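Bear in mind that the values here come from a model prediction, so they are computed numbers and not experimental data.
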Amino acid sequence: MSKFEKKILLLTLISVCLGGSGVFATSSANAMSATLSNTQKNISGENIKKSPLSLSADKLRYSDLTKEVNVSGNVELIHDEDVFHTDKIDGNTDSEKYIIPNFLNWKRQNFEVNAKKGEYYGKTSNAYLYDIEGLYQGKYYFKGKELEKQGNNGLFIVKNGYLTTESAMAKVPDYRIEAETLEFLPGNYYIVKNAKLMVKNTEILHINERKGRLGKRKKLNLWYLLPRVKTSRDLGIGIYNTIYYPIGLRNNINFYIENEWYTKAGYVPDVGFEKDEDNYNIKIHAAREQSSVNDDIYFIWKKPSVDFEVKERQIGNYPLYIRTSGDLGYWSENEVKGTHFGMNINVAGKTVPINKKVDFDWSLGYSHDYYGFNKKVRTDKYYNLAFRGKFNKFDMGIKYTDHNFSGETPYNYDKYENIKPVAMSIKVPITRLDEFEVKYVIDTSSGILKNRYYTYYRDMHSLKGRISYDSVKNRIDAAIDFKDF
């Protein structure tokens, strides 16, 4: 006899002694539970030990003849990793089928779902929720007619619904993916079937079936198809997007094409394969890349290039974090061509609060570049010091970077314009949606003011806009981008 049966038998005997009929009711039913001896297998084939199912509520009614149970008032059903909250559940302890006729909230791992009604099966851990709205990973919103949870194997299926992100939420979301079925699988993978990529009420793309991955880095890669705009005095007006195509659902390898078109600079592609894991990233690609270490417009061809990154991880139990990155390939900049090997190691400390208003950050690193063009080596020992503070409505910051180079690069692409720059900025809100920032950049190695930026930021619901003017170089740049990807 199980513990549950012993408890029910004891309560039944008490009710009979008091003149009852084998049915009891209580205004303080703290819990009842049944132990299940069977196990389930997840997708990988491993056995999952099932925990007892427990119910707690303000009121409980149970029949020892029919095994039917009725609970109401602050009801909580807990089984394995499933937690349901509602105001009423009707069920049967033999069949372990539980009907939730009213509004409910369900939580499990990265899921939280509200539904108008639902069913739960304790023997199989299957659940069926109807007219649902949910949140996945705290940032992906979904809505649908039905959600089916298949046991404890980590598979969840949303039927006749859509998926969008936090910033796009509205009565009609700014963008969304409508799908006949949207399947969430273990490891943050997803499959959409008979799906449409929508911008407001306009269909942009129809997809019969697509597999991919949700995560901190890639998020929902279908949305990268949406075009974005940026402009530059030197580059012209630009439009860019990215196409991802997953290769193998479990391997997290993508074939991708990053497209950028500028009226002055022309086509700037990046095409290749990428494997993005929690601890590392590897990319094999051919790309035309713009310099990121100086303000002048320099492009280089990398054909081919293997880029790698070992993502940030803590060093032991110390408040120190290390990150490593590098590349190996063939560089071409006009007449300067040759192999290149580069590596960078960066160590950063944990943010240190100076007081309630000011934080301090620091990092140091070492980079090494080998150039096959002239068989030269360049090394750099560098460090960064940064203070950030918030005073009333003002966000203020100051950052100093110190580079110590040995050797030179033959390319303009990776030649640093500022060797020992200090950047000072102040940002102030104008309205709830608008901000204005002033930023100065001085190269302390020469004492020359290199940049004076005046930047206007605009919050456009799911989009963010920026217009920046550098009065030192008489340069205007602007961009419109999505907040969530």
Side-chain angles (χ1 to χ4, degrees), residues 110-114 131-147 156-185 188-231 237-246 254-261 270 274 276 432-435 457-467 478-485:
N110 291 326
F111 279 90
E112 181 173 357
V113 177
N114 292 325
D131 291 324
I132 61 100
E133 292 183 359
L135 182 63
Y136 178 58
Q137 293 184 348
K139 56 190 174 185
Y140 300 108
Y141 288 82
F142 57 89
K143 187 174 182 179
K145 292 293 184 181
E146 180 182 342
L147 183 146
F156 309 92
I157 303 173
V158 176
K159 301 178 181 179
N160 298 316
Y162 70 77
L163 181 69
T164 187
T165 63
E166 180 179 8
S167 298
M169 285 295 291
K171 186 175 182 180
V172 177
D174 293 350
Y175 52 83
R176 65 194 183 277
I177 292 175
E178 293 185 355
E180 184 177 312
T181 61
L182 170 62
E183 300 180 10
F184 297 92
L185 291 81
N188 299 329
Y189 295 97
Y190 71 88
I191 301 175
V192 291
K193 297 180 180 179
N194 194 17
K196 295 182 290 185
L197 179 61
M198 305 288 294
V199 175
K200 285 298 185 180
N201 290 320
T202 302
E203 181 180 337
I204 303 299
L205 183 69
H206 183 271
I207 302 164
N208 290 328
E209 180 173 308
R210 183 67 178 265
K211 302 175 183 179
R213 194 184 191 198
L214 297 164
K216 296 179 181 178
R217 304 263 297 185
K218 285 291 168 285
K219 302 188 179 180
L220 187 60
N221 55 38
L222 281 175
W223 287 327
Y224 282 84
L225 292 169
L226 296 174
R228 283 160 276 183
V229 179
K230 57 183 174 182
T231 64
I237 300 174
I239 299 175
Y240 67 104
N241 77 334
T242 305
I243 300 170
Y244 284 102
Y245 188 83
N254 286 287
F255 170 74
Y256 71 92
I257 304 175
E258 293 184 1
N259 300 293
E260 294 188 26
W261 295 272
D270 183 352
E274 181 181 39
D276 189 24
R432 183 177 63 87
L433 302 175
D434 304 279
E435 292 181 307
Y457 299 93
R458 173 69 177 181
D459 186 323
M460 297 181 286
H461 198 228
S462 60
L463 300 171
K464 54 186 177 182
R466 172 184 59 83
I467 301 175
I480 298 175
D481 210 342
F482 291 89
K483 290 181 181 177
D484 295 332
F485 61 95

[X] (side chain) donor-acceptor with [Y] (main chain) under 3.5 angstrom:
{"X": "Asn241", "Y": "Leu225", "answer": "yes"}
{"X": "Lys200", "Y": "Val172", "answer": "yes"}
{"X": "Asp484", "Y": "Ser167", "answer": "yes"}

Do [X] and [Y] come within less than 4.5 Å of each other through their side chains, counting heavy atoms only?
{"X": "Leu433", "Y": "Arg458", "result": "yes"}
{"X": "Phe142", "Y": "Leu147", "result": "yes"}
{"X": "Asn259", "Y": "Ile243", "result": "yes"}
{"X": "Glu209", "Y": "Ile191", "result": "yes"}

Would a line drawn from the ring center of Phe156 to the ring center of Tyr136 be shorter than 6.0 Å?
->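 No, the ring of Phe156 stays outside the 6.0 Å limit from the ring of Tyr136, centre to centre.
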Hey, could you give me the [atom1]/[atom2] distance between [X] and [Y], rounded to the nearest 0.5 Å?
{"X": "Glu166", "Y": "Tyr140", "atom1": "CD", "atom2": "OH", "answer": "11.5 Å"}
{"X": "Asp174", "Y": "Met198", "atom1": "CG", "atom2": "CE", "answer": "12.5 Å"}
{"X": "Ile177", "Y": "Ile207", "atom1": "CD1", "atom2": "CD1", "answer": "6.5 Å"}
{"X": "Ile204", "Y": "Lys196", "atom1": "CD1", "atom2": "NZ", "answer": "12.0 Å"}
{"X": "Asn208", "Y": "Asn194", "atom1": "CG", "atom2": "CG", "answer": "7.0 Å"}

Which residues share a salt bridge (Lys or Arg N to Asp or Glu O under 4.0 Å) with Lys464, sequence neighbours left out =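 So Lys464 forms no salt bridge (Lys or Arg N to Asp or Glu O under 4.0 Å) with any residue.
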Name all residues meeting the salt bridge (Lys or Arg N to Asp or Glu O under 4.0 Å) criterion together with Glu260; count only those two or more places apart in sequence or in a different chain, and write none if there are none.
->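 Listed in chain order: Lys230.
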Test ring-ring contact (aromatic ring centres under 6.0 Å, His included) applied to Tyr162 - qualifying residues, sequence neighbours left out =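 Counting only residues at least two positions away or on another chain, Tyr162 forms no ring-ring contact (aromatic ring centres under 6.0 Å, His included).
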Asn160 and its side chain to side chain contact (heavy atoms under 4.5 Å, CB included) partner, picked from Lys143, Glu178, Glu180 |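 Testing each of Lys143, Glu178, Glu180 against Asn160, the sole residue satisfying side chain to side chain contact (heavy atoms under 4.5 Å, CB included) is Glu180.
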Name the orientation class of the two ring planes belonging to Phe482 and Tyr175 (parallel below 30°, tilted from 30 to 60°, perpendicular beyond 60°).
->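 If you compare the ring of Phe482 with that of Tyr175, the planes turn out perpendicular.
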In plain terms, say whether Lys483 and Asp459 are close enough for a salt bridge, that is, a side-chain N and a carboxylate O under 4.0 Å apart.
->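 Judged by the 4.0 Å cut-off on N to carboxylate O distance, Lys483 and Asp459 do form a salt bridge.
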Does Lys193 pair with Glu183 as a salt bridge, N-O distance under 4.0 Å?
->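 A salt bridge links Lys193 with Glu183.
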